[in-house]
Novice: 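One structure is given below, represented as structure tokens, and several questions about it will come after.
Chain naming here is simple, since letters A, B, ... match the order of the sequence lines and numbering starts at 1 in each.
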Amino acid sequence: MSLNATAVVTGAARGIGLEIAGKLISDGWTVAALDMLGDDLKKSAEVLGENYRPYTVNITDSKQLAEVAVEVGNDLPTVKGIVNNAGVTRDALMMRMSEDQWNLVIDVNLTGAWKVTQAFMRSLIRAREGSIVSISSVVGLIGAAGQTNYAASKAGLIGMSKSLNRELAGRGIRVNVVAPGFIETEMTQKLSDEVRGDYLSKIPAARLGLPVEIAEAVAFLMSPSAKYITGIVLPVDGGLTT
Amino acid sequence: MSLENRIAEIIVSRLNVKPEEVTDSANLKDDLGADSLDMVDLMMDLEDTFNLKISDEEGNNLQTVGSVVVFLKTKGIEA
Ligand SMILES: NC(=O)c1ccc[n+]([C@@H]2O[C@H](COP(=O)([O-])OP(=O)(O)OC[C@H]3O[C@@H](n4cnc5c(N)ncnc54)[C@H](O)[C@@H]3O)[C@@H](O)[C@H]2O)c1
């Protein structure tokens with residue numbers, strides 16, 4: 001069943017974002033898939049079909065974003081959902097971290113989410129309904145050595161969302177955060193057995209999570225089932241932070 | 001369409017009010033029920049429609065429908 005509404009999902013070409021896009025489409029959303037990987041977007045569009053609308057864009061570029069916002073506004077059903085999922089890491093111990101490494105991660109993960117939300121939020125405000133979900137990380141809650149930049153960006157998303165919630169909740173627009181734990185993706189497949197073992201020993205559920213398990217949580221927060229849930233941080237982490 | 005009518009049209013659609021409520025002296029917040037988000041939305045709409053920038057300070061001074069008309073006229077907008 002079509003909702004006749006569009007959800008903008010960033011970083012939707014692959015990984016967790018692609019999984020989120022697929023789940024939202026099966027829930028009836030049209031998905032505006034924003035990513036800078038044009039080829040991956042194209043491949044994913046072949047799999048997910050016509051309700052997956054690819055837009056090649058770098059979310060740090062306000063001008064490109066403004067153009068995409070106009071296109072989406074003209075071509076797709078009313079935007080009523082935003083999922084800020086695009087993210088990068090540039091790990092280094094703080095003593096060795098360059099300013100470029102710091103800036104890139106903050107620019108994409110935090111400022112990018114702010115720009116995307118600002119570019120599309122008027123549509124939700126006009127509709128007087130909608131849902132915004134940002135993908136943070138357990139690292140934003142508990143920190144991780146080598147990730148001062150990433151943790152700051154992910155914690156920043158939480159502050160941004162909680163404040164935006166206070167601006168928008170009265171309009172029927174919900175603003176929430178999902179904080180994934182360690183998830184089986186290309187990123188975590190590269191980990192050494194030692195690091196992997198160390199992670200596993202800290203997770204009560206004794207396994208890594210699956211991208212679909214993040215997508216299910218996001219889809220729930222995007223759905224009417226969650227209509228009285230706003231301003232929260234939902235860890236999906238097998239008990240890691242609890 | 002006159003400037004007054006164009007402004008009235010925007011206010012009616014943004015604030016969900018009846019055209020007859022949009023009188024010169026009607027206060028956007030007190031009479032027409034605009035909250036702070038509505039006011040921002042309205043200012044952005046006026047900026048887009050009339051292709052100008054409204055500073056926060058200028059926006060704060062726009063209390064009544066009539067003050068919006070006068071403001072736009074001082075900015076050189078006729079219709
Ligand atoms: N994988 C994990 O274990 C894990 C854990 C916690 C949180 N997260 C978060 O989940 C999100 C998705 O992670 P993933 O594992 O699927 O990563 P991924 O690298 O597979 O996917 C991220 C996507 O974002 C896109 N992207 C990056 N920068 C962009 C930019 N400037 N403009 C447009 N698109 C851009 C990439 O092209 C990519 O398609 C990220 O925010 C990540 O921080 C992941």
Novice: I'd like to know whether CG of D48(B) has more than 12 heavy-atom contacts from other residues, nucleotides or ligands below 6.0 angstrom.
Specialist: yes

Novice: Step through the shown structure and confirm whether more than 12 heavy atoms of other residues, nucleotides or ligands are within 6.0 Å of CD on E50(A).
Specialist: no

Novice: Should we say atom CH2 of W102(A) is surrounded by more than 12 heavy atoms from elsewhere, each under 6.0 Å from it?
Specialist: yes

Novice: Do the side chains of D38(B) and R126(A) get close enough for a salt bridge, i.e. N-O under 4.0 angstrom?
Specialist: no

Novice: With a cut-off of 6.0 Å (strictly less than), are more than 12 heavy atoms of other residues, nucleotides or ligands near CD of E9(B)?
Specialist: no

Novice: Under the side chain to side chain contact (heavy atoms under 4.5 Å, CB included) rule, what do V40(B) and R122(A) come out as? Steps first, then yes or no, please.
Specialist: CA-CA 10 Å; V40(B) 173; R122(A) 262 180 111 184; over 6 Å; no

Novice: Which atom pair, heavy atoms only, marks the closest approach of R128(A) to R14(B)?
Specialist: NH2-O, 3.9 Å

Novice: Closer than 4.0 angstrom, basic N to acidic O: yes or no for D41(B) and R171(A)?
Specialist: no

